[in-house]
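In what follows, a structure is listed as structure tokens, so that the remarks can point back to it.
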Amino acid sequence: MIKPYLSELVSDALSATLPEEFKVSIEVPKQAGHGDFATNCSFQLAKHLRKAPPQIAEGLVEEINEKLSAKGITASSLGGFINLKLSSEFIWSRLASQFDDGVTFPEHSEKVLMEYVCANPTGPLHIGHGRWAVIGDVLRRLLLKVGRDVSTENYINDAGNQIKLFRASVEASKKGEAIPEGGYHGAYINELADVEDPVQAMIDSHKKVLGRMDVQFDDWFSELSLHKSGAVDAMLDLLGEKGLSYESEGALWFRSTDYGDDKDRVLKKADGAYTYFAVDIAYHSSKINRGYTRLVDIWGADHHGYINRVKAAVKALSDSSLDVIIGQLVTLFRDGEQVRMSKRTGEIITLEEVLDEIGADALRFFMIQKSADTHLEFDLQLATQQNSENPVYYVQYAHARMCRILEKAEGPGGTLSVDDLSLEDYERSLSLSLLQLYDEIYESANQMQSHRIATYSVSLAKLFHGFYHHCPILKSEGDVQAKRLQLLRWTQLGIKDCLGLLGITAPESM
RNA sequence: GCGCCCGUAGCUCAGCUGGAUAGAGCAACGGACUUCUAAUCCGUAGGUCAGUGGUUCGAAUCUACUCGGGCGCACCA
């Protein structure tokens, strides 16, 4: 990673002046003209040194240049900011190190368990599930990439009232009777008439669709198994022993208010049945017992009211942390008009239909492109168009282009004499962006913002296309060709990495 | 009524722990194909970052309130 590397170098160079433990933070200036990288440390130091930032910056710049200019880093100050400019040789050697030696990420001892999709097997998956699935799957890939110990589960709600109603609805449909009050409607209910176990059939269909999208889980965890194994009773006993539950109005309550919830919640209803919440505590308790120290749940926005009580339960039971990522809902459009969906009447567009229409690559890209907490407006017609309006092709095309050039380039292109390494504008900006690849990956993983990798991919592809047009490769010769070929190889690796993290294919020709 | 998310260009959205002159794609307009694949590139135009205060050397970003949109407020799952 380039930012921690620069931070280390600059902090060391300034160690005589800086307070102990002070790490210079490195950022990328918005205006490329200012520098390749920058630090605002003179502002942070102003109080401590009792001097004005521009004055501090001047002194620091002098020190940096004295110690680091030989390495290829030159500093300058502007309005208190310290801007860093990297020499071509420096950039090149960092790229070589990054791609040839590989990158090591800081270690974390936590064991992570992610839970996502989590759909009732009472109907087909919809586009919202597709979004949680992709957000979760890309995050999983990101965490693995930076070396985290991570497992993933899809929790199947295969128990409870909804399942009963669902079975009853299928049964009624089979006999030609009226669907029970609050039951399930739609053509798919009729189609399940011949199936031996409609619940299993739905689970199978979920597996099939998610499989086609290349969304992977280490386990599909059955809610029913928690009932059967007695895990729910055991958990209720444990809560009782710890004094975390009490009886009132004929029901058993959890003291969630002691852990930050607005009100206490029912665990066991007056009729003796468990609430969904009680079973979910048992599930989270199972995760904790299996040794996971960091839990991540991804839910749809319609469940956000549920966050506090589950957090309360996890807090009451363990030291493990729980992060909940809320995916905002997806509004489908077709031809610019909103597609209204009604679960009651069974009028829905299923995830599978969308997948059939636009394919896994485009679907994944559209679902991951926007931040999880932005409402997503998704136009089916737009995604169907296999043209320039469709950003996934932009990135894939960049990859295909590079593959074709590499294919045509004869041999490895010889070794590059770094003595006379100069980078033209297009080469330089591509190189600088590529240098930040692993910073982007690390930050995206750390902050659990999987959409950032999509944004980065597009910008890297853009820089490549510009480079491609202005810097001929096969038509150039000697050192210039060797340099461009090398840059191309690294860029291809970078784009391929990104596409891999996004779970999108990296075609070698288009 | 209470809580969560959102409000940035005509449209869809980026904007990383608060930083310098606010970014991309699409749409609009003008250019570039005897080429390494034009699924591309280059350029022009487009803004009161919903609004008003506050914190700060500095706010699209933090904070309070107002307005607007979405979603929740069960002994449902």
Side-chain angles (χ1 to χ4, degrees), chain A residues 3 25 27-31 33-34 38-40 43 46-47 52-54 78-81 83 118 120 122 157 159-163 165 182 223 248-253 262-263 265-277 279-280 300-308 326-329 331 333 336 369-379 382 386-394 396-398 400-402 404-409 436 439-440 443-444 446-447 449 451-452 454-456 458-459 461-462 464-476 488 509-510:
Chain A
K3 287 185 194 169
S25 71
E27 56 191 52
V28 182
K30 253 182 233 166
Q31 296 286 319
H34 286 132
T39 175
N40 58 3
F43 291 93
K47 270 202 182 126
L78 182 64
F81 289 91
N83 295 308
C118 179
N120 292 346
T122 54
N157 305 137
N161 275 336
Q162 298 304 314
I163 291 289
L165 262 171
E223 178 188 346
S248 171
E249 302 167 54
L252 184 67
W253 298 71
D262 310 335
K263 53 177 285 194
R265 307 289 175 175
V266 171
L267 296 165
K268 202 170 188 175
K269 297 182 259 181
D271 67 6
Y274 305 125
T275 58
Y276 179 83
F277 177 49
V279 187
D280 210 13
D302 50 342
H303 286 79
H304 74 256
Y306 189 67
I307 297 175
N308 282 343
I326 290 298
Q328 294 299 317
L329 303 175
T331 314
F333 287 80
Q369 207 186 358
K370 315 298 181 190
S371 149
D373 48 30
T374 193
H375 307 129
L376 183 61
E377 301 203 354
F378 182 53
D379 195 313
L382 194 102
Q386 306 219 342
N387 62 18
S388 58
E389 287 182 46
N390 209 330
V392 63
Y393 296 110
Y394 187 78
Q396 288 182 318
Y397 185 51
R401 261 187 164 170
M402 288 188 274
R404 294 307 287 277
I405 294 173
L406 289 173
E407 204 178 277
K408 287 184 184 174
Q436 291 165 58
D439 296 78
E440 280 296 322
E443 286 166 22
S444 305
N446 244 8
Q447 294 166 29
Q449 294 181 312
H451 72 281
R452 278 181 55 180
T455 309
Y456 174 79
V458 174
S459 89
K462 182 171 178 59
F464 162 72
H465 285 305
F467 162 74
Y468 170 91
H469 271 268
H470 296 90
C471 305
I473 296 158
L474 296 178
K475 285 179 183 169
S476 59
L488 191 79
S509 67
M510 285 174 77

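All chains are named by letter (A, B, ...) in the order of the sequence lines, taking the proteins before the strands, and each is independently numbered beginning at 1. Please read these numbers as outputs of a predicted model, since none were measured by experiment.
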Next item on the list: With heavy atoms under 4.0 Å as the rule, sort A:His303 into base, sugar-phosphate or nothing.
Entry: base
Checklist line | Sugar-phosphate, base or nothing in reach of A:Arg401, heavy atoms under 4.0 Å | finding: sugar-phosphate
Notebook entry, point to check: Between B:C16, B:U37, B:A20, which nucleotide gets closest to the side-chain atoms of A:Gln447?
Noted result: B:C16
Next item on the list: With heavy atoms under 4.0 Å as the rule, sort A:Cys118 into base, sugar-phosphate or nothing.
Entry: nothing
Check: For atom P, what is the distance between B:G43 and B:C62, given to the nearest Å?
Finding: 33 Å
Margin query: Which heavy atom of A:Asn83 sits nearest to which heavy atom of A:Pro29, and what is that distance?
Written below: OD1-CG, 4.5 Å
Next item on the list: Nearest whole angstrom, please: distance from the P of B:A74 to the CG of A:Asp280.
Entry: 18 Å
Item checked: Given RNA chain B, 5'-ward residue of the pair A:Lys263 and A:Lys3, judged by closest heavy atom -> A:Lys3
Note to self: What contact category does A:Asn446 fall into here, base, sugar-phosphate, or nothing, at under 4.0 angstrom with non-hydrogen atoms?
What the structure shows: nothing
Item checked: Shortest side-chain distance from A:Asn161, nucleotide among B:C76, B:C16, B:A20 -> B:C76
Notebook entry, point to check: When all nucleic acid strands are considered with a 4.0 Å heavy-atom cut-off, which category describes A:Tyr306: base, sugar-phosphate, or nothing?
Noted result: base
Item checked: Per A:Tyr394 side chain, nearest of listed nucleotides B:A74, B:A20, B:U40 -> B:U40
Notebook entry, point to check: Looking for any heavy atom pair under 4.0 Å, which part of the strands does A:Arg452 touch: base, sugar-phosphate only, or nothing?
Noted result: base
Next item on the list: Only counting residues at least two apart or in another chain, list the ones meeting side chain to side chain contact (heavy atoms under 4.5 Å, CB included) with A:His304.
Entry: A:Ile307, A:Ile326
Notebook entry, point to check: What nucleotide, of B:A20, B:A39, B:G19, holds the atom closest to the side chain of A:Met510?
Noted result: B:A39
Checklist line | Under 3.5 Å donor-acceptor pair, A:Asn83 side-chain atoms to B:A20 base atoms | finding: yes
Notebook entry, point to check: Can you check whether A:Phe81 stacks with the B:A20 base, using ring centres under 5.5 Å and planes within 30°?
Noted result: yes
Notebook entry, point to check: By side chain to side chain contact (heavy atoms under 4.5 Å, CB included), which residues pair with A:Ser248, not counting sequence neighbours?
Noted result: A:Tyr246, A:Trp253
Notebook entry, point to check: Which part of the nucleic acid, if any, lies within reach of A:Glu249 when heavy atoms closer than 4.0 Å are counted: base, sugar-phosphate only, or nothing?
Noted result: base
Notebook entry, point to check: Base, sugar-phosphate alone, or nothing: which one does A:Ala159 contact when heavy atoms must sit under 4.0 Å apart?
Noted result: sugar-phosphate
Check: Mind checking the P distance from B:A60 to B:G51? Whole angstroms is fine.
Finding: 11 Å
Item checked: With A:Arg265 via salt bridge (charged side-chain N to carboxylate O under 4.0 Å, His left out) - residues at least two apart -> A:Asp261
Item checked: Chi-based syn or anti call at B:C36, which uses purine or pyrimidine torsion atoms and a 90° bound -> syn
Margin query: Applying a 4.0 Å non-hydrogen cut-off, can you work out what A:Ser509 is touching in the nucleic acid: base, sugar-phosphate, or nothing?
Written below: base
Item checked: Selected nucleotide, minimal atom distance to A:Ile473 side chain, candidates B:C36, B:A20, B:C71 -> B:C36
Item checked: Which atom of A:Glu27 lies closest to which atom of A:Asn40, heavy atoms considered -> OE1-ND2, 3.8 Å
Checklist line | Distance between P atoms of B:C13 and B:G31 (Å, rounded) | finding: 33 Å
Next item on the list: Could you check whether A:Lys268 gets within reach of a base, just the sugar-phosphate, or nothing at all, counting any heavy atom under 4.0 Å?
Entry: nothing
Next item on the list: State the NE2-CZ distance between A:His34 and A:Phe81, to the nearest 0.5 angstrom.
Entry: 8.5 Å
Next item on the list: Could I get the full list of side chain to side chain donor-acceptor pair (under 3.5 Å) partners for A:Tyr456, not counting sequence neighbours?
Entry: none
Check: When we call it a touch if two heavy atoms are under 4.0 Å apart, what does A:Glu377 touch: a base, just sugar-phosphate, or nothing?
Finding: sugar-phosphate
Item checked: Given B:A39, B:A20, B:C75, the nucleotide with the shortest approach to the side chain of A:Trp253 -> B:C75
Item checked: Side chain of A:Lys462 - closest among B:C41, B:A38, B:A77 -> B:C41
Notebook entry, point to check: Across the strands shown, which category fits A:Leu252 at heavy-atom distances under 4.0 angstrom: base, sugar-phosphate, nothing?
Noted result: nothing
Check: Considering only B:G23, B:C36, B:A77, which nucleotide approaches the side chain of A:Leu474 most closely?
Finding: B:C36
Restricting to nitrogen or oxygen on both sides, can you table the protein-nucleotides 60-64 of chain B pairs closer than 3.5 Å?
none

Check: Which residues pass the ring pair (Phe, Tyr, Trp, His ring centres under 6.0 Å) test with A:His465, sequence neighbours left out?
Finding: A:Tyr394, A:Tyr397
Next item on the list: Please name all residues satisfying salt bridge (charged side-chain N to carboxylate O under 4.0 Å, His left out) with A:Glu223, sequence neighbours left out, ordered by chain then number.
Entry: none
Notebook entry, point to check: Within the side chain of A:Ser509, is there an N or O that forms a donor-acceptor pair under 3.5 Å with the backbone of A:Ala400?
Noted result: no
Next item on the list: Report which part of the nucleic acid A:Ala301 touches: base, sugar-phosphate, or nothing (heavy-atom distance under 4.0 Å, all strands).
Entry: sugar-phosphate
Check: Using a 3.5 Å cut-off on both pairing distances, which stems of three or more Watson-Crick or G-U pairs include RNA chain B?
Finding: B:1-7 with B:67-73, B:10-13 with B:23-26, B:28-32 with B:40-44, B:50-54 with B:62-66
Check: In whole Å, what separates the P atom of B:G30 from that of B:C16?
Finding: 36 Å
Next item on the list: Check the distance between B:U17's C1' and A:Gln449's CD and give it to me in whole angstrom.
Entry: 11 Å
Margin query: Counting the atoms with a prime plus P, OP1 and OP2 as sugar-phosphate, which does A:Pro472 contact under 4.0 Å by heavy atoms, base, sugar-phosphate, or nothing?
Written below: base
Next item on the list: In whole angstrom, give the distance that lies between atom OH of A:Tyr397 and atom C1' of B:C41.
Entry: 11 Å
Margin query: What's the separation between atom CE in A:Met510 and atom CZ in A:Arg401, rounded to the nearest 0.5 Å?
Written below: 11.0 Å
Item checked: Euclidean distance for P, B:A24 against B:A45 (whole angstrom) -> 13 Å
Would you tabulate the pairs of protein nitrogen or oxygen atoms and nucleotide nitrogen or oxygen atoms of nucleotides 3-6 of chain B closer than 3.5 angstrom?
| residue | atom | partner | partner atom | Å |
| --- | --- | --- | --- | --- |
| B:G3 | N2 | A:His304 | NE2 | 2.2 |
| B:C5 | O2' | A:Gln328 | NE2 | 3.4 |
| B:C5 | O2' | A:Asp373 | O | 2.7 |
| B:C5 | O2 | A:His375 | NE2 | 3.4 |

Note to self: What's the gap between B:A22 and B:U66 when it is taken at their P atoms, as a whole Å value?
What the structure shows: 31 Å
Checklist line | Given RNA chain B, 5'-ward residue of the pair A:Asn40 and A:Val458, judged by closest heavy atom | finding: A:Asn40
Note to self: What I'd like to find out is whether the side chain of A:Tyr468 reaches to under 4.5 Å of the side chain of A:Ile473, using heavy atoms alone.
What the structure shows: no
Checklist line | Candidates B:C41, B:C75, B:A14 - which lies nearest the side chain of A:Ala251 | finding: B:C75
Notebook entry, point to check: With sequence neighbours excluded, what pairs up with A:His469 under the ring pair (Phe, Tyr, Trp, His ring centres under 6.0 Å) test?
Noted result: none
Note to self: Restricting to side chain to side chain contact (heavy atoms under 4.5 Å, CB included), what partner residues turn up for A:Lys370, sequence neighbours left out?
What the structure shows: A:Arg131, A:Thr374, A:Leu376
Item checked: Under the side chain to side chain contact (heavy atoms under 4.5 Å, CB included) test, residues paired with A:Glu377 that sit two or more places apart -> A:Phe333
Item checked: Atom C1', compared across B:G7 and B:G47: separation rounded to whole Å -> 15 Å
